[in-house]
Amino acid sequence: MIESPLSAKVVFTIGPVPITEPVVVTWALMAALGLAGWALTRRLSLRPGARQTALELIAGVIEQQIRSTMRVEPRPYIAFVGTLFLFILTANWSSLIPGVDPPTAHLETDAALGLIVFGAIFFYGIRTLGLLGYLKTFAQPTVVMIPLNIIETFTRTFSLIVRLFGNVMSGVFVIAILLSLAGLLVPIPLMALDLLTGAVQAYIFTVLAMVFIGSALTEGKPDNFSNPEASDNGDARELD
Amino acid sequence: METPVNWIEIVSIVSAALAVGLGAFGPALGEGRAVAAAMDAIARQPEAAGTISRMLFVGLAMIETMAIYCLVIALLVLFANPFVQ
């Protein structure tokens, strides 16, 4: 019988708190990513070498994705969005290491990531529009929509969680089933497919987080971005 | 003596299979239509391929979520069934 995907293996306990396998893997990934980030950005120079050019390429691509998806200046969001993407990507691909289950294949890790996005939507929305301005976006386009908008806030976070969990977990599950049926080299094509799914799911999770945050920013002032005159007005005011 | 038939487990397995099968049916049709429409759009307007494929990925993820919901329900029925002790 294959282990239930809804339960996690307890590795050790600290006092009354059981520490499960996904938690250990998550902390190892966090340490690895943090150390890599510290070591790779230690000596940045104005004339970049090969290593710094590669890093700048990654940061540039993320920045450009934020700009084209959210249609805002990417600077305040690149730390959050970039970390989210890199963490989910390394978490999904950590199944390549033998004996390691990706932490995103367990519901708890995905729930944590989803709750972070849930909080970030409120944080960025309130920071940009103010508390009252953000609350007013719930009454867009009419007051009748308030209950639906509130429900939507929860359901889209829930679907974000379940989507990542379902995709990664089903990949791990299919490989486990195939490994129990067939021999050594048979699951390799499916593992390659799993890599693709992992990358696509990391991308989709991040893009959806960006779309949700972007909608929280722009819902209050819908004509600011579709209307090209908005920037002209600003210039005209400066001239006055 | 006859062994007791465990109807709850039998029904659980059959309904899990039905949930995944029927749940994959609709999203498969929907994804096929979405990809066909995106191909059509890229063929008409190749310079918009980047935007279209990004939108396609996001849309496919939305459609696929329905199938994933069914998979999660099937797994709940198989592994965390509240009616099986």
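We use all heavy atoms of the structure for the numbers below, so side chains are in, but hydrogens, waters and symmetry mates are not. Here is the naming used below: chain letters follow the sequence lines, and residue numbers restart at 1 for every chain.
Between A:P102 and A:A91, the shortest heavy-atom contact is CB-O, 3.2 Å.
Of the two parts of A:F205, neither the backbone nor the side chain holds a non-hydrogen atom closer than 4.5 Å to a non-hydrogen atom of chain B. Using a 4.5 Å cut-off between heavy atoms, A:V200 touches chain B through its side chain atoms alone. Residue A:V207 touches chain B through its side chain alone, counting heavy-atom pairs closer than 4.5 Å.
Taking the six-membered ring where the residue is Trp, the centroids of A:F154 and A:F158 are separated by 6.0 Å or more.
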From CA spacing to verdict: ring-ring contact (aromatic ring centres under 6.0 Å, His included), A:Y203, A:F85: CA-CA 7 Å; A:Y203 176 70; A:F85 176 73; 7.0 Å; no

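At a threshold of 4.5 Å between non-hydrogen side-chain atoms, the residues B:P27 and B:M66 count as touching.
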